[in-house]
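A short worksheet on the structure shown next.
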Amino acid sequence: MANVLETLRARGLFESATDEGLGHFLERPTAVYAGFDPTSDSLQVGNFVAIMGLAHFQRAGHRPVALVGGATGLIGDPSGKTAERVLLSPDQVEKNLAGIRENLSRFLDFEDRQAPARIVNNYDWIGRFTYLEFLREVGKHFRIGAMLGRESVRKRLESEAGLSYAEFSYQLIQAYDFLHLFDTEGVRVQIGGSDQWGNITAGIELIRRLRGGEAYGLTFPIVCDSSGQKFGKSEGNAIYLDARRTSYYDFYQFFIRTEDADVIRFLKIFTFLPLEEIAGLEQEMRRQPEARLPQRRLAEEVTRMVHGDRGLRIAEEASRVLFGGSIEGMSAEDLLAIFAHVPSAVICREEAIGSTVTELAVRAGLGRTKGEVRRLAQGGGLYWNGRRMTEPERHLGVGDFIEGRVAVLRAGKKQFHLIRLDG
RNA sequence: GGUGGGGUACCGAAGUGGUCAACCGGGGCAGACUGUAAAUCUGCUGGCUUUGCCUUCGAAGGUUCGAGUCCUUCCCCCACCA
């Protein structure tokens with residue numbers, strides 16, 4: 001049986017474990033869980049680390065359980081947050097759960113004969129508690145001193161923002177989750193980001209106290225880029241795993257743009273590529289960094305994993321065209337094909353002809369306001385069909401559209417938007 | 001419930017009657033340079049029908065020719081006390 005702990009360590013996915021005996025314990029198949037917060041209707045690349053963690057466990061023969069936090073999502077985890085979170089409505093959580101289920105179902109193998117993955121929702125067991133029952137059955141076993149000692153709590157208490165009772169209670173719920181999965185799924189290990197340490201140990205203690213059982217925790221590092229920024233944002237937007245939120249093209253591009261200083265580490269964390277192969281890429285990078293081979297490989301691997309061969313092909317094709325040469329001289333057909341999965345807007349012909357460049361740019365979603373687009377143009381960062389646009393107030397005619405029906409708007413080097421005329 | 005401190009743009013933070021759409025820093029976006037990298041330098045970072053107009057400084061009222069700045073009430077946060 002593959003030693004998953006060694007694998008995680010070697011790939012930079014290991015930060016710490018609650019018990020030195022974990023390695024020994026993992027020599028026999030067990031079940032492991034990680035939780036996912038339904039803060040959005042799609043997981044983000046930031047969640048990818050946890051998914052990879054579960055996947056590595058499954059590959060090593062352990063049964064992965066993905067927990068979506070239908071209950072905890074209603075409260076909000078204070079870990080790693082500097083301010084009290086705005087409460088999500090039950091409707092919103094419900095909607096987000098569906099999306100996250102969708103995401104997860106693509107990374108874990110539910111058909112595996114030895115260790116099929118499971119997805120569970122903690123609302124199913126937390127939701128049936130009354131307040132009094134919960135206090136008696138769970139709250140009774142928690143000591144305030146220990147709760148106050150937790151990093152996430154202490155930090156928030158010291159901060160200006162403080163901490164509400166609801167968020168303070170969060171750790172009880174997550175601890176109970178572990179206990180519940182220990183009982184019903186045979187889960188003995190919880191994995192999570194290092195900010196989850198307190199929540200995880202709370203569960204382990206609860207299990208020991210109520211069941212006299214051994215349970216383990218393992219954390220992986222919170223992935224940051226070399227400038228210390230939390231990984232997973234681009235142009236101010238989170239990178240989602242769902243193509244409806246982040247296009248194949250944008251997803252692929254996000255990884256292509258990885259800095260040299262980060263790319264080798266990211267290859268280990270976000271792909272299953274053998275370490276020898278990654279070492280080879282590192283050599284290659286030293287020899288000719290401008291070729292960006294590791295970046296290409298990273299983008300390729302991750303995009304294929306998340307969006308399949310088809311998504312990867314579309315992203316690569318679009319990238320080749322947009323960064324390879326000029327779009328000048330391309331036919332409307334070609335452009336439509338390339339931009340099929342790039343943000344685009346369909347605008348009615350009568351409206352488009354005669355309106356200004358800025359107006360259309362806002363309609364296409366390139367900027368939020370006309371002022372923003374104007375400033376962009378002023379700084380020289382606005383392009384219309386590949387040429388710098390210096391007169392953002394110009395009224396457009398049919399001739400401004402390729403074959404009278406398509407135009408490509410660009411902000412800077414990286415953000416493309418397609419405008420298609422209707423009718 | 002009491003006392004004190006505080007709520008300013010994405011974040012931090014200045015501003016205590018007009019010259020304030022609001023110093024500065026971070027973040028973000030863009031330009032130059034480059035390798036779709038990093039570092040560096042530069043510009044921008046309320047809205048608009050843009051030589052001007054409109055909406056912003058927790059909320060609502062009020063004083064004033066004029067309020068982010070003064071007064072009243074309310075809401076929220078923090079600390080200590082009860």
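Computed over heavy atoms, backbone and side chain alike; hydrogens, waters and symmetry mates excluded. Here is how names work: the chains are called A, B, and so on, in the same order as the sequence lines, proteins then strands, and each is numbered from 1.
Taking atom C1' on both nucleotides, B:rG46 is separated from B:rG35 by 37 Å, rounded to a whole Å. With both ends at atom P, the span from B:rG31 to B:rA67 equals 42 Å, rounded to whole Å. The gap from the C1' atom of B:rA59 to that of B:rG12 amounts to 24 Å, rounded to the nearest Å. Nucleotides B:rG68 and B:rG6 have their C1' atoms positioned 15 Å apart, rounded to a whole Å. Rounded to whole Å, the P atom of B:rU19 lies 16 Å from the corresponding atom of B:rC70. Only the P atoms considered, B:rC11 is 23 Å distant from B:rU16, to the nearest whole Å. Using atom P as the reference point in both B:rG27 and B:rA21, the two lie 28 Å apart (nearest Å). Between the P atoms of B:rC65 and B:rC10, the separation comes to 34 Å (whole Å).
Between the CZ atom of A:R297 and the P atom of B:rG35 there is a distance of 24 Å, given to the nearest Å. B:rU49 atom C1' lies 11 Å from atom NE2 of A:H395, rounded to whole Å. One can place CZ of A:F255 at 17 Å from P of B:rA37, the figure rounded to the nearest angstrom. Between the CD atom of A:E393 and the P atom of B:rU49 there is a distance of 8 Å, rounded to whole Å. Between A:M285 atom CE and B:rU36 atom C1' there is a gap of 16 Å when expressed in whole angstrom units. Atom CZ of A:R265 is separated from atom C1' of B:rA38 by 14 Å (rounded to the nearest Å). Straight-line distance from the OH atom of A:Y383 to the P atom of B:rA30: 10 Å, rounded to whole Å. Rounded to whole Å, atom P of B:rC77 lies 12 Å from atom CG of A:L163.
Looking at the side chain of A:K370, the nearest of the listed nucleotides B:rU36, B:rU45, B:rU49 is B:rU49. The side chain of A:K413 has B:rC33 as its nearest neighbour among B:rC44, B:rC48, B:rC33. Listed candidates were B:rG35, B:rU45, B:rA30. Nearest to the side chain of A:R375 is B:rU45. With B:rA38, B:rU36, B:rG35 as the choices, the nucleotide that has an atom nearest any side-chain atom of A:E259 turns out to be B:rA38.
Atom CD of residue A:Q171 and atom OG1 of residue A:T72 lie 13.5 Å apart, to the nearest 0.5 angstrom.
Judged by the 6.0 Å and 45° rule, A:R118 forms no cation-pi pair with A:F110.
Counting non-hydrogen atoms under 4.0 angstrom, A:I256 reaches a base of the nucleic acid. Residue contacts for A:Q288: at a heavy-atom cut-off of 4.0 Å it reaches no nucleic acid atom on any strand shown. Among the atoms of the strands shown, none is found under 4.0 Å from any heavy atom of A:Q378. Within the 4.0 angstrom heavy-atom criterion, only backbone atoms of the sugar-phosphate kind lie near A:A411; the bases stay farther away.
Contact check on A:R313 versus A:E316 returns no salt bridge, with no Lys/Arg side-chain nitrogen under 4.0 Å from an Asp/Glu carboxylate oxygen. Under 4.0 Å is where a charged nitrogen must lie from a carboxylate oxygen, and between A:D422 and A:R349 no such pair does. No salt bridge links A:E137 with A:K140; every basic N to acidic carboxylate O contact stays at or beyond 4.0 Å.
Using a 4.0 Å cut-off, some side-chain N or O of A:R388 falls inside it from OP1 or OP2 of B:rA32.
Base-pair partner of B:rA79: B:rU3 (Watson-Crick or G-U wobble, both distances under 3.5 Å). Across every strand in view, B:rC74 sits in a pair with B:rG58 that passes the Watson-Crick or G-U test at under 3.5 angstrom.
A donor and an acceptor atom sit less than 3.5 Å apart, one in the side chain of A:R374 and one in the base of B:rU50.
In this structure, A:H307 and A:F251 have perpendicular ring planes: the angle between them is above 60°, well past the 30° mark. Using a 30° and 60° split on the angle between ring planes, A:F266 and A:F270 fall in the perpendicular class, above 60°.
For the pair A:G371 and A:R296, nearest-nucleotide mapping onto RNA chain B gives the more 5' position to A:R296.
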